[in-house]
Engineer: 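The structure that follows is given in the form of structure tokens.
Labels below follow one simple rule: chain letters A, B, ... track the order of the sequence lines, proteins then strands, and each chain is numbered from 1.
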Amino acid sequence: MEQKKSSDNFFEKVYDVARLIPYGRVTSYGTIAKYLGAARSARMVGWAMNNSSGKDIPAHRVVNRVGLLTGKHHFDGTNLMQQLLESEGVEVVDNKIQNFKEIFWDPAIEL
DNA sequence: TCATTGACTACGT
DNA sequence: GACGTAGCCAATG
């Protein structure tokens with residue numbers, strides 16, 4: 001029997017926002033955290049992503065504030081994250097998104 | 001309970 | 001503009 005999902009709620013929200021990221025778009029951990037009301041918990045978003053393993057969460061669309069694929073080491077392969085992004089039309093070079101500023105997706109604005 | 005770590009961010013040099 | 005340090009919050013040992 002499950003009890004309160006207060007803590008899970010935060011993770012659930014992260015998953016929900018991550019799933020809302022449109023094709024060929026990316027966002028940052030801090031942006032999601034801020035959208036959820038936890039701007040200081042950007043790390044927690046990353047933690048949620050780590051927990052999203054096995055879920056339908058496009059974690060490859062979530063990068064740090066400079067568009068750097070910091071979490072690529074958590075994926076199966078070595079360049080899987082970059083490959084996924086490039087497959088969506090995202091220009092990635094050296095684990096970093098080039099036109100990050102152009103494809104940046106902000107839930108607080110787009111939504 | 002305390003100490004360490006981590007898919008971050010901001011500030012200072 | 002690159003590098004180092006500090007701050008933050010939660011999970012893990």
Engineer: If you look at every strand shown and take non-hydrogen atoms under 4.0 Å, does A:Ala33 touch a base, only sugar-phosphate, or nothing?
Structural biologist: nothing
Engineer: Name the closest nucleotide to the A:Arg40 side chain, picking from B:dG6, B:dA7, C:dC8.
Structural biologist: C:dC8
Engineer: Whole angstroms only, please: what is the NZ-P distance between A:Lys72 and B:dG6?
Structural biologist: 18 Å
Engineer: Among C:dC9, B:dT9, B:dA7, which is the nearest nucleotide to the side chain of A:Ser28?
Structural biologist: B:dT9
Engineer: Just the rounded figure in Å: distance from C1' of B:dA7 to CD1 of A:Ile57.
Structural biologist: 14 Å
Engineer: Between B:dA7, C:dC9, C:dA11, which nucleotide gets closest to the side-chain atoms of A:Trp47?
Structural biologist: C:dA11
Engineer: Applying the side chain to side chain donor-acceptor pair (under 3.5 Å) criterion to A:Lys72, which one of A:Asn79, A:Asn95, A:Thr78 satisfies it?
Structural biologist: A:Asn95
Engineer: Pick one: which of A:Arg25, A:His60, A:Gln83 meets side chain to side chain donor-acceptor pair (under 3.5 Å) with A:Glu88?
Structural biologist: A:His60
Engineer: Taking the side chain of A:Ala42 as its heavy atoms from C-beta onward, which of C:dA11, C:dA10, B:dT9 lies nearest to it?
Structural biologist: B:dT9
Engineer: With respect to A:Val62, which candidate in A:Thr70, A:Leu69, A:Ile21, A:Val26 satisfies the side-chain contact (heavy atoms from CB on, under 4.5 Å) definition?
Structural biologist: A:Ile21
Engineer: Looking for any heavy atom pair under 4.0 Å, which part of the strands does A:Asn64 touch: base, sugar-phosphate only, or nothing?
Structural biologist: sugar-phosphate
Engineer: Could you give the CZ-to-P distance, from A:Arg65 to C:dA2, as a whole number of Å?
Structural biologist: 11 Å
Engineer: What is the separation between atom CZ on A:Phe11 and atom C1' on B:dA7, rounded to the nearest whole Å?
Structural biologist: 12 Å
Engineer: First locate atom OG1 of A:Thr31, then atom CZ of A:Phe104, and finally report the distance between them rounded to the nearest 0.5 Å.
Structural biologist: 3.5 Å
